[in-house]
J.: 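I'd like to ask some things about the structure below.
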Amino acid sequence: MRRSLLSSIIALSLLTGCNSDKTETVYVETEIPKSDVVDTESLATSTTAKTSYDDIGDGAYWLNSEDETKSLLFVTLEGDGLAVYNPAGDEVERLENIEVTGADIRYGIKADNGDSIDLLAVALPEDNSIGFYSVSNKDGVVLNDIGTLTTDYAAEGVCLHKNTTNGALLLTGVTDDGVAVQYKLKYQDGEIKSVLTDDNAQPIAVRELEVGGELSACIVDDETSTLYIAEQDLGIWAYGADPEDINSRQIVDSIAPLGNLQEIEALDYSTFLTVKATSL
């Protein structure tokens, strides 16, 4: 079992650099279910960015199934906002004046009326919230703000889980205080909203995990419904992604010298046969 878990995770220390014309290579690897984007099972892409920034926290790749040349790489810049790159490495869009850390994407999120969007979620720790955008790139990059979920925590990392059976959507935010908190989401009236709310229409979490340590990132394998959480100075934990799965917890790999990993800043899901840790 340990071997199969190791085959599913890559631990990354993302590139950083000064804000200049210096080019930087950003390598993104992700698993895309067949039901989401044509018949593509896995994607590994390398993009050489033509701009660089002091702090890069996370990255998420959006595959345009109709035209791969119009795919987009989203890179969180912490205090410098969010940069969007095309496959050629050109910065084609930028969200400024916000602090953004984690990012994740899911495809084909449907509303009851049949409307469907590709969803980008970003962690906004300064505001104790998660921001949501619909993504498209037909005649130019379009990021539509479709809601904000206010939480009780400052999430550093964020990950989405789309149930492969019923399409239900779950969001997990992780904090540097060792807490992982989950919300069930819905796409309704052009917005992403929490399924559960209190009497004041504030979101109610469906699960809270006291993981411990400083958490830096998370990722979900939709096919196996497994939630992976990176504890920065210890290693990677695996949990059942379903909020009702309260018993499962196991260590996937640890920080050296106890394991094979260096400091973990981000996670991406892949089909490689080993865990790869990079320090760039």
Side-chain angles (χ1 to χ4, degrees), residues 5 8-9 11 57-58 60 76 99-106 109 119-132 147-188 191-222 224-252 254 264-267 269:
L5 284 174
S8 300
I9 291 292
D58 197 3
T76 69
E99 181 180 0
V100 187
T101 49
D104 201 10
I105 285 176
R106 283 298 182 274
I109 304 304
L119 175 66
L120 169 68
V122 295
L124 307 171
E126 207 169 57
D127 301 323
N128 279 23
S129 64
I130 309 295
F132 303 107
T148 301
L149 184 139
T150 302
T151 74
D152 294 328
Y153 300 97
E156 293 293 328
V158 63
C159 51
L160 295 166
H161 169 40
K162 182 182 177 184
N163 187 295
T164 57
T165 302
N166 57 25
L169 184 63
L170 188 74
L171 176 136
T172 302
V174 297
T175 79
D176 59 11
D177 296 325
V179 176
V181 61
Q182 294 182 303
Y183 296 86
K184 285 186 176 180
L185 304 179
K186 59 184 176 182
Y187 179 43
Q188 184 181 66
E191 289 186 84
I192 294 292
K193 304 175 181 178
S194 175
V195 171
L196 300 178
T197 58
D198 62 19
D199 293 339
N200 296 315
Q202 295 302 303
I204 296 175
V206 294
R207 186 189 193 189
E208 192 172 303
L209 299 169
E210 295 288 344
V211 181
E214 183 177 349
L215 308 183
S216 56
C218 63
I219 199 77
V220 177
D221 176 358
D222 288 351
T224 64
S225 192
T226 304
L227 167 67
Y228 298 97
I229 298 176
E231 187 175 343
Q232 195 161 4
D233 297 321
L234 189 146
I236 300 172
W237 294 99
Y239 290 84
D242 192 312
E244 296 179 359
D245 187 348
I246 60 174
N247 295 317
S248 64
R249 166 180 159 111
Q250 65 182 108
I251 193 75
V252 177
S254 303
I264 308 164
E265 293 183 4
L267 293 176
Y269 183 70

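For the numbers below, each heavy atom of this structure counts, side chains included, while hydrogens, waters and symmetry mates do not.
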J.: Using side-chain contact (heavy atoms from CB on, under 4.5 Å) as the criterion, list what pairs up with Glu191, not counting sequence neighbours.
T.: Lys193
J.: Can you tell me how far the CZ atom of Phe132 sits from the CG atom of Leu185, to the nearest 0.5 Å?
T.: 5.0 Å
J.: Is there a side-chain contact (heavy atoms from CB on, under 4.5 Å) between Leu149 and Tyr183? Walk through the geometry before answering.
T.: CA-CA 9 Å; Leu149 184 139; Tyr183 296 86; 3.9 Å; yes
J.: Is there a side-chain contact between Ile229 and Leu215 (heavy atoms, below 4.5 Å)?
T.: yes
J.: Please report the interatomic distance SG(Cys218) to NE2(His161), rounded to the nearest 0.5 Å.
T.: 12.0 Å
J.: Quick one: does any side-chain atom of Thr175 pair with a main-chain N or O of Ala154 as donor and acceptor, under 3.5 Å?
T.: no
J.: Drop me the distance from Leu120's CG to Asp104's CG, to the nearest 0.5 angstrom.
T.: 8.5 Å
J.: Without swapping roles, check the side chain of Asp242 against the backbone of Glu244 for a donor-acceptor pair under 3.5 Å.
T.: yes
J.: For Ile251 and Ser254, which heavy atoms make the closest approach, and how far apart are they?
T.: CG1-OG, 3.9 Å
J.: Taking Glu156 for the side chain and Gly57 for the main chain, is one N or O donor matched with an acceptor at less than 3.5 Å?
T.: no
J.: Distance check, rounded to the nearest 0.5 Å: Ile236 atom CD1 versus Tyr228 atom OH?
T.: 9.5 Å
J.: Name all residues meeting the side-chain contact (heavy atoms from CB on, under 4.5 Å) criterion together with Asp152; count only those two or more places apart in sequence or in a different chain, and write none if there are none.
T.: none
J.: Quick one: closest heavy-atom pair of Ala155 and Ala123, and the distance?
T.: O-CB, 3.4 Å
J.: Please report the interatomic distance CD1(Ile219) to OG1(Thr226), rounded to the nearest 0.5 Å.
T.: 12.0 Å
J.: Indicate yes or no: at least one non-hydrogen side-chain atom of Thr148 is less than 4.5 angstrom from one of Ile130.
T.: no
J.: Measure the shortest side-chain to side-chain distance between Thr172 and Leu227 over non-hydrogen atoms and say whether it is less than 4.5 angstrom.
T.: yes
J.: For a 4.5 angstrom cut-off between non-hydrogen side-chain atoms, does Val158 reach Leu171?
T.: yes
J.: Can you find a pair of side-chain heavy atoms, one from Leu124 and one from Val122, that are under 4.5 Å apart?
T.: yes
J.: Checking the side chain of Asn200 only, and the main-chain atoms of Gln202 only, is there a donor and an acceptor separated by less than 3.5 Å?
T.: no
J.: Would you call Ser225 and Asp222 a side-chain contact if the rule is heavy atoms closer than 4.5 Å?
T.: no
J.: To the nearest 0.5 Å, what is the distance between SG (Cys159) and CG (Asp221)?
T.: 11.5 Å
J.: State whether the side chain of Arg106 and the backbone N or O of Leu169 hold a donor-acceptor pair below 3.5 Å, judged by distance alone.
T.: no
J.: Testing Gln250, Arg207, Arg249 one by one against Tyr239 for a side chain to side chain donor-acceptor pair (under 3.5 Å), which residue passes?
T.: Arg249
J.: Do Trp237 and Glu231 pair up side chain to side chain, a donor and an acceptor below 3.5 Å, judged on atom types alone?
T.: yes
J.: Is a side-chain donor or acceptor of Asp177 paired with a backbone partner of Val179 at a separation under 3.5 angstrom?
T.: no
J.: Show your working on side-chain contact (heavy atoms from CB on, under 4.5 Å) between Leu119 and Ile192 and close with a plain yes or no.
T.: CA-CA 9 Å; Leu119 175 66; Ile192 294 292; 3.8 Å; yes
J.: Given 3.5 Å as the limit, does a donor-acceptor pair link the side chain of Ser194 with the main chain of Pro203, or not?
T.: no
J.: Not counting sequence neighbours, which residues clear salt bridge (Lys or Arg N to Asp or Glu O under 4.0 Å) with Lys184? List them please.
T.: none
J.: So, Tyr153 versus Glu208: side-chain donor-acceptor pair below 3.5 Å or not?
T.: yes
J.: Does Thr76 offer a backbone N or O that forms a donor-acceptor pair with the side chain of Asp58 under 3.5 Å?
T.: no
J.: I'd like to know whether Ser216 forms a side-chain contact (heavy atoms from CB on, under 4.5 Å) with Val174, so could you lay out the CA-CA distance, the side-chain angles of the two residues, the decisive distance to 0.1 Å, and finally the verdict.
T.: CA-CA 7 Å; Ser216 56; Val174 297; over 6 Å; no
